[in-house]
Amino acid sequence: MASRRKLKKNVNYIAGELFTECLINSMFIPGTDKAKADEIMAEILKMQDEFVSRISHTEPGNVKGFYKKFRIDFNAKMDEIIDAIGKLN
């Protein structure tokens, strides 16, 4: 299992990449709904805070199950945000 520190860095990196992709999309691609892009960027920041907080407060006793559920939830949220960014154009 990776350390919490590395996991937090990975969450922050992925959130930063999604945020940058959305920002570039809203600034440089014509026809992009800027209000919708702002909502997605706010959602990315909220997702980052939520998942970093979840890493800091693991459930005692069921650590393996906790991280399994964490990974499933994180991947689902990332897929949702990626689809939303794809629909901006």
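Values below: every heavy atom of this structure, side chains too, minus hydrogens, waters and symmetry copies.
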Would you give me the side-chain donor-acceptor pairs under 3.5 Å for residues 34-47, sequence neighbours excluded?
residue : atom : partner : partner atom : Å
K34     : NZ   : S26     : O            : 2.4
E43     : OE2  : K77     : NZ           : 3.0

Revision key, fill the gap. Value for CE (M78) from CG (D73), rounded to nearest 0.5 Å, stands at 12.0 Å
Check your understanding: Going from CG on N10 to CZ on F51, what distance comes out if it is rounded to the nearest 0.5 angstrom?
Key -> 14.0 Å
Exercise for review: Would you confirm whether T32, through its side chain, and F28, through its main-chain N or O, come within 3.5 Å as a donor-acceptor pair?
Suggested key: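 No, because the side chain of T32 does not come within donor-acceptor range (under 3.5 Å) of the backbone of F28.
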Practice item. Look at the side-chain heavy atoms of Ile, Leu, Val, Met, Phe, Trp and Tyr, link any pair under 4.5 Å apart, and say whether I72 and I81 land in one connected group. Key: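 Cluster IDs for I72 and I81 differ.
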Without placing hydrogens or testing angles, list every side-chain donor-acceptor pair under 3.5 Å for residues 15-24, not counting sequence neighbours.
residue : atom : partner : partner atom : Å
T20     : OG1  : G16     : O            : 2.8

Practice item. For I55 and Y67, work out which heavy atoms get closest and say how close. Key: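 It is O-OH, 4.1 Å.
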Review point. N25 and I29: which non-hydrogen atoms are nearest, and at how many Å?
Key: OD1-CD1, 3.1 Å
Review point. Are K8 and S3 side-chain neighbours, meaning at least one heavy-atom pair lies under 4.5 Å?
Key: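 When only atoms from C-beta onward are counted, S3 and K8 do not touch, as no gap falls below 4.5 Å.
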**Study point:** Non-hydrogen side-chain atoms of F70 and V11 separated by less than 4.5 Å
**Key:**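 The answer is yes; the side chains approach within 4.5 Å.
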